[in-house]
Colleague: 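I'd like to ask some things about the structure below.
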Amino acid sequence: MTLMTSHVLIVGGTKGIGRASVAAALAAGARVTATGRSAESLRALPDGAEGVALDFTDPVSVTALGSRVGPVDHLVLSASHAPAWGGFAEVSEEALRAAFEAKFWGYWRVIRAVAPKLSATGSVTLVTGAAARAALPGTSGLAAVNGALEAMAKVLAAELAPRRFNTVSPGMTATEAYDGLPDAARDGMFAAAAAKLPAGRIGAADDIAAAIVMAMANPFLTGATLDVDGGAHLAR
Ligand SMILES: NC(=O)c1ccc[n+]([C@@H]2O[C@H](COP(=O)([O-])OP(=O)(O)OC[C@H]3O[C@@H](n4cnc5c(N)ncnc54)[C@H](OP(=O)(O)O)[C@@H]3O)[C@@H](O)[C@H]2O)c1
C-alpha cells in the first residue's frame with residue numbers, strides 16, 4: 001500500500017495504536033503530522049513525524065489544530081483516556097459522561113475542525129473498539145461510546161462523500177493504555193483474553209496499524225468497519 005505524497009494527520013500518535021500508525025504511514029511514504037497532549041509526550045513520536053500538541057477535550061485546542069494544519073489527505077483518530085469499564089450497575093453517570101468526553105466528543109470536535117481541510121479524495125479513519133458490537137458483559141460503557149462513533153461514521157461516509165469514512169475496530173491490544181495496571185494483573189488479563197480468541201492471542205499495535213493504512217490507501221473503501229480483533233466479534 002502506498003500513501004506517497006499524502007499528508008496524514010494522526011490524533012493520538014504518541015503511544016500504542018496511533019504511534020504504530022505513524023510509523024506505518026511514514027513507511028508507506030506519507031508526510032505525517034501527529035498529536036499528543038503535551039510537548040513531553042510528543043518526544044515519543046517516531047522520527048520523521050511533525051508533532052502538534054492537542055487535547056481534544058479542550059475546544060480551544062481543537063480550534064488551534066484546525067487553524068494550524070494545512071490541507072489534509074487522511075485523518076486518523078486513535079485516542080482516548082478514561083474508558084468506562086465495568087458492569088452496568090457499577091459505572092456511574094459521571095464516569096460514562098467522562099468516557100464520552102474522552103473519546104466521542106474529542107473525535108467529533110476534531111472531525112468538525114479538520115473536515116474543511118480534507119481533500120475530496122481523502123479519508124477519515126476512526127479507531128473504535130470491538131466492545132461496540134461484541135455484547136460482552138461489563139462493557140456497556142465502551143459499547144456505547146464506540147457504537148456511537150461507528151454509527152456516526154457511516155452517516156458521514158454518505159453525507160460528506162466523496163470523502164471516505166471508515167472505522168477500524170480493535171480487540172484487546174497490548175499498548176500503554178494498560179500501563180496503569182500491576183504487571184501480574186495486566187499479564188493475567190491479556191492471557192485470559194487471548195485464551196478466548198480464535199486467533200489465540202491479543203492484538204499488537206502493528207496489527208491495527210496495518211488495517212489503518214489499508215483504510216487510508218484503498219480508494220474504494222468507505223462506510224466500512226474493519227474488525228481487527230482476533231475474532232472477538234464472533235459469536236461464542
Ligand atoms: N488498546 C486496546 O486494547 C484497545 C481496544 C479497543 C479500542 N482501543 C482504542 O484504540 C485507540 C487507541 O488506543 P491505545 O490503546 O493505542 O491508547 P494509548 O496507548 O493509551 O494511547 C492513547 C493516545 O491518545 C492520546 N490522548 C489521550 N487523551 C487525549 C486527549 N484528551 N486529547 C488528545 N489526545 C489524547 C495520548 O496522548 P499522550 O501521549 O499525550 O497521552 C496517546 O497518544 C483508542 O481510541 C482506544 O479506545 C484500544
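Computed from a predicted model, the values in this text were never measured in an experiment. Remember, it's 1-based here, ligands and their atoms both numbered in the order they're listed.
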Colleague: Please determine whether a side-chain nitrogen of the Lys or Arg among R109 and D58 lies less than 4.0 Å from a carboxylate oxygen of the Asp or Glu.
Modeller: no

Colleague: Name all residues meeting the side chain to side chain donor-acceptor pair (under 3.5 Å) criterion together with E50; count only those two or more places apart in sequence or in a different chain, and write none if there are none.
Modeller: R68

Colleague: Should you measure from each heavy atom of V127, which atoms of ligand 1 turn up under 4.0 Å away?
Modeller: 9 (C), 10 (O), 11 (C), 45 (O)

Colleague: Atoms of ligand 1 less than 4.0 Å from G16 heavy atoms?
Modeller: 16 (O), 19 (O)

Colleague: Taking only heavy atoms of Y178, which atoms of ligand 1 are found under 4.0 Å from at least one of them?
Modeller: 1 (N), 2 (C), 3 (O)

Colleague: Among all protein non-hydrogen atoms, which one is nearest to atom 22 (C) of ligand 1, and what is the separation to 0.1 Å?
Modeller: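 That would be S80 O, 4.2 Å.
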
Colleague: Quick one: does S78 get within less than 4.0 Å of ligand 1, heavy atoms only?
Modeller: yes

Colleague: Is any NZ, NE, NH1 or NH2 atom of the basic residue among K117 and D73 found under 4.0 Å from an Asp or Glu carboxylate oxygen of the other?
Modeller: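 Salt bridge absent between K117 and D73.
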
Colleague: Output yes when the distance from some N or O of ligand 1 to some N or O of G129 is under 3.5 Å, and no in every other case.
Modeller: no

Colleague: What protein heavy atom lies closest to atom 37 (O) of ligand 1? Include the residue and the distance to one decimal.
Modeller: T14 OG1, 3.3 Å

Colleague: Report the part of F190 (side chain from C-beta onward, or backbone N, CA, C, O) that has a heavy atom under 4.0 Å from ligand 1; answer both or neither where that applies.
Modeller: neither

Colleague: For M172, counting its heavy atoms only, list the atoms of ligand 1 lying under 4.0 Å from any of them.
Modeller: 3 (O)

Colleague: What protein heavy atom lies closest to atom 25 (C) of ligand 1? Include the residue and the distance to one decimal.
Modeller: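 I find the closest protein heavy atom is A79 CB, 3.7 Å.
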
Colleague: Step by step, would you call V11 with V76 a side chain to side chain contact (heavy atoms under 4.5 Å, CB included)?
Modeller: CA-CA 6 Å; V11 170; V76 176; over 6 Å; no

Colleague: Among all protein heavy atoms, pick out the one at the shortest distance from atom 29 (C) of ligand 1; state its residue, atom name and that distance to 0.1 Å.
Modeller: R37 CD, 3.4 Å

Colleague: Would you mind reporting whether P170 and D229 have side-chain heavy atoms less than 4.5 Å apart?
Modeller: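 No, too far: nothing below the 4.5 Å cut-off.
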
Colleague: Quick one: nearest non-hydrogen protein atom to atom 33 (C) of ligand 1, plus distance?
Modeller: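 That would be L54 O, 3.3 Å.
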
Colleague: Tell me, please: is P170 in heavy-atom contact with ligand 1, that is, under 4.0 Å?
Modeller: yes

Colleague: Under a heavy-atom criterion of less than 4.0 Å, does T128 contact ligand 1?
Modeller: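 Judged by the 4.0 Å heavy-atom criterion, T128 does count as contacting ligand 1.
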
Colleague: In ligand 1, which numbered atoms sit nearer than 4.0 Å to a non-hydrogen atom of G36?
Modeller: 40 (O)

Colleague: With a 4.5 Å cut-off on side-chain heavy atoms, are V8 and R31 touching?
Modeller: no

Colleague: Kindly indicate whether the side chain of W105, heavy atoms from C-beta on, has any atom under 4.5 Å from the side chain of T57.
Modeller: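 When only atoms from C-beta onward are counted, T57 and W105 do not touch, as no gap falls below 4.5 Å.
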
Colleague: Could you identify the single nearest non-hydrogen protein atom to atom 21 (O) of ligand 1 and state the distance to 0.1 Å?
Modeller: K15 CB, 3.4 Å

Colleague: Only heavy atoms of K103, strictly under 4.0 Å: list the atoms of ligand 1 that pass.
Modeller: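 Those qualifying, in numeric order: 9 (C), 44 (C), 45 (O), 46 (C), 47 (O).
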
Colleague: Taking only heavy atoms of T57 into account, list the atoms of ligand 1 that are under 4.0 Å away from them.
Modeller: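 That gives atoms 31 (N) of ligand 1.
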
Colleague: With a 4.0 Å cut-off on heavy atoms, does W105 reach ligand 1?
Modeller: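 Contact absent.
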
Colleague: Counting non-hydrogen protein atoms only, what is the nearest one to atom 4 (C) of ligand 1? Give residue, atom name and distance.
Modeller: G171 O, 4.0 Å

Colleague: Give the residue, atom name and distance (to 0.1 Å) of the protein heavy atom nearest atom 28 (N) of ligand 1.
Modeller: H81 ND1, 3.0 Å

Colleague: Is the shortest side-chain heavy-atom distance between F190 and R201 below 4.5 Å?
Modeller: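 No - every pair of side-chain heavy atoms lies 4.5 Å or more apart.
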
Colleague: What atoms of ligand 1 come closer than 4.0 angstrom to any heavy atom of E176?
Modeller: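 Within the 4.0 Å cut-off of E176, ligand 1 contributes 19 (O).
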
Colleague: Identify whether the distance between the nearest side-chain nitrogen and carboxylate oxygen of E101 and R97 falls below 4.0 Å.
Modeller: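 Salt bridge absent between E101 and R97.
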
Colleague: Has ligand 1 got any nitrogen or oxygen that is less than 3.5 angstrom from a nitrogen or oxygen of I17?
Modeller: yes

Colleague: So is A130 in contact with ligand 1, going by heavy-atom distances below 4.0 Å?
Modeller: no

Colleague: Tell me whether R112 at atom CZ has more than 12 heavy atoms from other residues, nucleotides or ligands lying less than 6.0 Å away.
Modeller: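 No.
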
Colleague: Charged N to carboxylate O below 4.0 Å: is that the case for E176 and R19?
Modeller: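 Here E176 does not pair with R19 in a salt bridge, since their nearest N and O are not under 4.0 Å apart.
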
